[in-house]
2 protein chains.
Amino acid sequence: MDKKAKIDSMRHSLSHLMAYAVLEMFPKAKIGMGPAIENGFYYDFDLPVSLKPSDLPRIEKRMKALIKKDIAFKKKKVSKKEAAEIFKDQSYKKELIRDLEDKEVTIYQSGDFTDLCRGPHIKSSKEIDSDSFKLTRLAGAYWKGSEKNPMLTRIYGVAFAKKKELDNYLRMQEEAEKRDHRLLGSKLKLFLSDEEIGAGLHVWHPKGAILLKIIKDYLYEELSAHGYQWIVSPHIGKIDIWKTSGHWDFYRENLYSPMQVEDEQYLIKPMNCPFHIKVYKSEIRSYKDMPIKYAEFGTVYRYEKSGVLHGLTRVRGFTQDDAHIWCRADQLNEETAKLLRQALKIFRTFGFKECKLYLSTKPEKYVGTDKGWGKATNALEYVLKKDKLDYHVDKGGGAFYGPKIDIKVKDSIGREWQCTTIQIDFNLPERFDMTFVNQKGNKERPYMIHRALLGSLERFIGVLLENYAGNLPLWLAPEQMWAIPVGSVHKKYAKVIAEELKAAGFRCQLKDGGETVSKKIRQGEIQKIPYLLVVGDREMKAKTIRARKKGKDMGEFKLKKFIEKARKEVEKKK
Amino acid sequence: MDKKAKIDSMRHSLSHLMAYAVLEMFPKAKIGMGPAIENGFYYDFDLPVSLKPSDLPRIEKRMKALIKKDIAFKKKKVSKKEAAEIFKDQSYKKELIRDLEDKEVTIYQSGDFTDLCRGPHIKSSKEIDSDSFKLTRLAGAYWKGSEKNPMLTRIYGVAFAKKKELDNYLRMQEEAEKRDHRLLGSKLKLFLSDEEIGAGLHVWHPKGAILLKIIKDYLYEELSAHGYQWIVSPHIGKIDIWKTSGHWDFYRENLYSPMQVEDEQYLIKPMNCPFHIKVYKSEIRSYKDMPIKYAEFGTVYRYEKSGVLHGLTRVRGFTQDDAHIWCRADQLNEETAKLLRQALKIFRTFGFKECKLYLSTKPEKYVGTDKGWGKATNALEYVLKKDKLDYHVDKGGGAFYGPKIDIKVKDSIGREWQCTTIQIDFNLPERFDMTFVNQKGNKERPYMIHRALLGSLERFIGVLLENYAGNLPLWLAPEQMWAIPVGSVHKKYAKVIAEELKAAGFRCQLKDGGETVSKKIRQGEIQKIPYLLVVGDREMKAKTIRARKKGKDMGEFKLKKFIEKARKEVEKKK
């Protein structure tokens, strides 16, 4: 048995032991299903009482007692009839047995506990290190995942081969919780979620709107310098355009319902592509005009089930840093190379030094010619090979309309986040009959590339917050510094400091309110303001400031020196 | 009879004479209605043939012949029965007679033409100066304005007391046509209208997107410097929020139909207010925090009938330069004063020196207290009086929820365009239960001001284009200058020039394509590029450029001198 299968069967066995323990505690409990999952296991129960997180250690304790007993997991084949008899008090199991097509079913017996189960399991509970698992949380879960069925209580546990692995995992979880962008977003007053506005939608507070603007301004400069032109398109469009694009037929499950306007139907946009294509098509294009690159910060709306929504990283409305590139066949290699290099450069600027690249190639069903696919896939591989980039190939994993490269960034605690997609498209140029006039004077189909580098600005801000645990680098911090007077006699001097810093281009706030200095410093640290500049008698006399960064005193600076230092920090974007 | 009534009856009489002429030409024609309108008149006909614009002079000629005949307009009262007999061949008139409630009806007889008409009319056609009217255009118009009825042919005419007035009017029309922002938008490649995208929606071409960005960037700086904070809110929201705000009940006719999302309904936003209010309410606000000013470039969608849509000035989707201000009672005068002064300053910056101000006061039905209304109306009048501004009072013309000031800007050919609304609102703070903690520690309702200065960025760009006939001032021009080499030997030098200008912050394009210099200059003039910088042997040797502006040679400049000059022009924003 390989390592993965071994740990899975151990986790699965732990779920049985948990059910065993729960049934001992609540003999009237009905049991649902209890599989192994990533990092652990769960089991669903229909309980006569409502559990609290504080009940979990009690269950854990019982499980540990069971483990000590060296309980064997015995596999047995029985007829469906026998099984129904064995589980006569377990209605959910009986339902499962009824639905099984086989004549015989497999059960596992361990001590007084029997479960309907295909296995595999460990041989005996003694194989489990009873310090290497932990019950972590409770959740509600519908029987068989359907809202029509009763809501059961799911108990989650995590389990590893060794205690050290468990400890690592728990520490990592704790770290991730501290970095949870949903909490940071609210604590740092960046964005607002509100039940009355709707799930998966956010309003950006002033500080969040500044962060959004800093990112947009940076991308605007970066892309404009590389030949991108900007487009602004509406958020709704007649259904006709989505029929032409194919979204209406192939993407319906993510579309919001149409709005009736006079005798026409309109959709809120899930994508910006058709609008960019319309601009392309508003003129006759020549081979001399290529490549044509249109970019837009396009806010799109896509339906996601409410159950999967999560902060800024899984939403119903988001702003793509979207662009479309149309080029000639002889430009395809260079254009995809530029794209990928630019993406990696941008991630480095944002502080992500490690990226993972995934190339997805031609699936079984596809549009376009084999020659076109070959050319496109080669173009994507060209730069990967030329720049000696490490990448994974997902053979046959491309969309039906073209091959693609995905980029995931690795954050400071090792988690991967999907951001970039660079996607070649053989479908839309065909559907919208896009052409350019080639050197021979004939109409030719351009190659079309969709790409979003950060992917979604909302999601990317979520990733940034988690990566930096809210301690954004100076160039990204919505409030870069606070000027804090020690006493009321220093207010005037603090105001001069704040104004000079603002004039020097910094986002500096004067904090001359009534609170004490120490309270202001505490507030500034909670708000993760990069620099707190405290001025008292000494600083006022010496015309200096005292700078604090991440809770540490950085010493006294002449204002000019501090400005120089901060400017360098911003320019380095570190 | 006053002047207005006199000219109206003359215009009305001309519509009868037009119908007289048309019936002479097409005896089988059926006539609809023919009133006097602003600047002229029209008449609707059901014709056996389809008219072309080239037919209008023929009708005009017959009208002039009739005018010469000294035809009297005789009023007569007849019974409905008699009237039905007189109009026995005129089905539309018979329908009108049937619908009349009076027993007697009035008819007007002039020569062989009789019309069902209340009048008044002139006494005789000789009162008309036959050179002071002109038939201008044809249009389709449903009988009684309903799509269920037949489509009639409407002939429009314009008419004035004197030929000179007509000439003035026609010249003005011609001027307005040249300035039509819809044509300019397409000619200068600023924005795109497309049947498949939908009526009243626009996609901004790259050049238009730059113009939009210049305006946004300017307002962002201007407002940020005046204590505004920026918000970004979604384009959809749960119906609940629109029920709380009252839009669902009172503004339904302008709302798009709801989208069903799981078991909830969402609306595309017609306004940004509820989102800004939610941000206000996300914290407890103190009297020390006031005023709170939130701004947003919020793109909203409102239903307008397709018949009233017009270019960028009457649309279905537009971006408000929206802001909301909440303040204490003692701040209201100063806040409204700041607002109004800022609005006037901004219009001056955009080149509108003359504005008209309209104050609308308490209507019969209203929410809020008399005291509140008094205070609010005084606040609006405070600055009007203090700054000795000329303004019109629309007594009782305020919305039910508060008094307002509207600002119309006067363009370079004297037309007025509605832009700004500064609106005090007693309704939303109540509906959303907005409060702040006052100096005594009690909850108090803030005053709330809505305001959009430019109103709609789309509409304002339309107004700018019409005001400048497309010749945007240097700071607003998306492409400020073209560098044009005379021959291929000058390309390298032109490139250096273009790059230095770009480095100096100008939007400069290098035009080193294959066309001739004269063609490039012609193109640049059609595209209304402020400066065309031509470089040939002489300029290359002398390290200069030759600048052309609006078709005129401005002479030779050292590049440094030219940059200085252009910088000054941008800074003056003229």
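A note on names: the letters A, B, ... follow the listed sequences, proteins ahead of strands, and every chain is numbered from 1. Worth saying up front: this structure is predicted, and the values here are computed from it rather than measured.
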Undergrad: Using non-hydrogen atoms and a limit below 4.5 Å, what part of residues 203-217 of chain B faces chain A?
TA: B:Val203, B:Trp204, B:His205, B:Pro206, B:Ala209, B:Ile210, B:Leu212, B:Lys213

Undergrad: Distance from B:Leu267 atom CG to A:Met259 atom CE, nearest 0.5 Å?
TA: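 The CG atom of B:Leu267 sits 9.5 Å away from the CE atom of A:Met259.
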
Undergrad: Counting only heavy atoms closer than 4.5 Å, note whether A:Ile236 contacts chain B via side chain, backbone, both or neither.
TA: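 Both backbone and side chain of A:Ile236 come within 4.5 Å of chain B.
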
Undergrad: Between atom CZ of B:Arg507 and atom OG of A:Ser224, what is the distance when rounded to the nearest 0.5 Å?
TA: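 The distance works out to 11.5 Å.
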
Undergrad: Which bit of B:Val279 is near chain A, if near means a heavy-atom gap under 4.5 Å: side chain, backbone, both or neither?
TA: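 Looking at B:Val279, backbone and side chain both touch chain A.
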
Undergrad: In terms of heavy-atom pairs under 4.5 Å, which option from B:Gln260, B:Gln229, B:Lys278 contacts chain A the most?
TA: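 Greatest number of close heavy-atom pairs with chain A: B:Lys278.
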
Undergrad: Relative to chain B, which segment of A:Glu147 carries a heavy atom at a distance below 4.5 Å: side chain, backbone, both, or neither?
TA: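 Answer is neither: A:Glu147 stays 4.5 Å or more from chain B.
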
Undergrad: Which heavy atom in A:Glu196 sits nearest to a heavy atom in B:Ile241, and how many Å separate them?
TA: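 So the two residues come closest at O-CB, 3.7 Å.
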
Undergrad: So which bits of residues 184-194 of chain B come within less than 4.5 Å of chain A, counting non-hydrogen atoms only?
TA: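 Residues B:Lys189, B:Leu192, B:Asp194 are the ones that qualify, each having a heavy atom under 4.5 Å from chain A.
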
Undergrad: Given a strict heavy-atom distance threshold of 4.5 Å, which part of B:Glu458 is in contact with chain A: side chain, backbone, both, or neither?
TA: neither

Undergrad: So, are B:Glu262 and A:Arg316 salt-bridged, with charged N and O less than 4.0 Å apart?
TA: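 Judged by the 4.0 Å cut-off on N to carboxylate O distance, B:Glu262 and A:Arg316 do form a salt bridge.
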
Undergrad: Looking at A:Pro234, A:Ser282, A:Ala199, which one has more heavy-atom pairs under 4.5 Å with chain B than the rest?
TA: A:Pro234

Undergrad: Who in residues 268-275 of chain A is close to chain B, using a strict under-4.5 Å heavy-atom cut-off?
TA: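 Expected list: A:Ile268, A:Phe275.
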
Undergrad: If the contact rule is any heavy atom under 4.5 Å from chain A, which residues of residues 291-303 of chain B qualify, in numerical order?
TA: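 Within residues 291-303 of chain B, the residues under 4.5 Å from chain A are B:Tyr294, B:Thr299, B:Tyr301, B:Tyr303.
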
Undergrad: Measuring heavy-atom distances to chain A, does B:His202 have an atom under 4.5 Å in its side chain, in its backbone, in both, or in neither?
TA: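 Just its backbone gets close to chain A.
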
Undergrad: Locate the shortest heavy-atom distance separating A:Pro258 from B:Ser257; write the atom from each residue and the value.
TA: O-OG, 4.5 Å

Undergrad: Counting heavy-atom pairs under 4.5 Å to chain B, which of A:His276, A:Lys288, A:Glu283 comes out on top?
TA: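 So the answer, after comparing A:His276, A:Lys288, A:Glu283, is A:Glu283.
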
Undergrad: If you count heavy-atom pairs under 4.5 Å with chain A, which of B:Gly513, B:Gly198, B:Ser233, B:Gly317 comes out on top?
TA: B:Gly198

Undergrad: Out of B:Asp240, B:Ile231, B:Leu201, B:Val232, return the one with the most heavy atom pairs under 4.5 angstrom to chain A.
TA: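 Result: the option with the highest number of such pairs is B:Val232.
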
Undergrad: Between A:Lys238 and B:Glu195, does any side-chain N to carboxylate O distance fall below 4.0 Å?
TA: yes

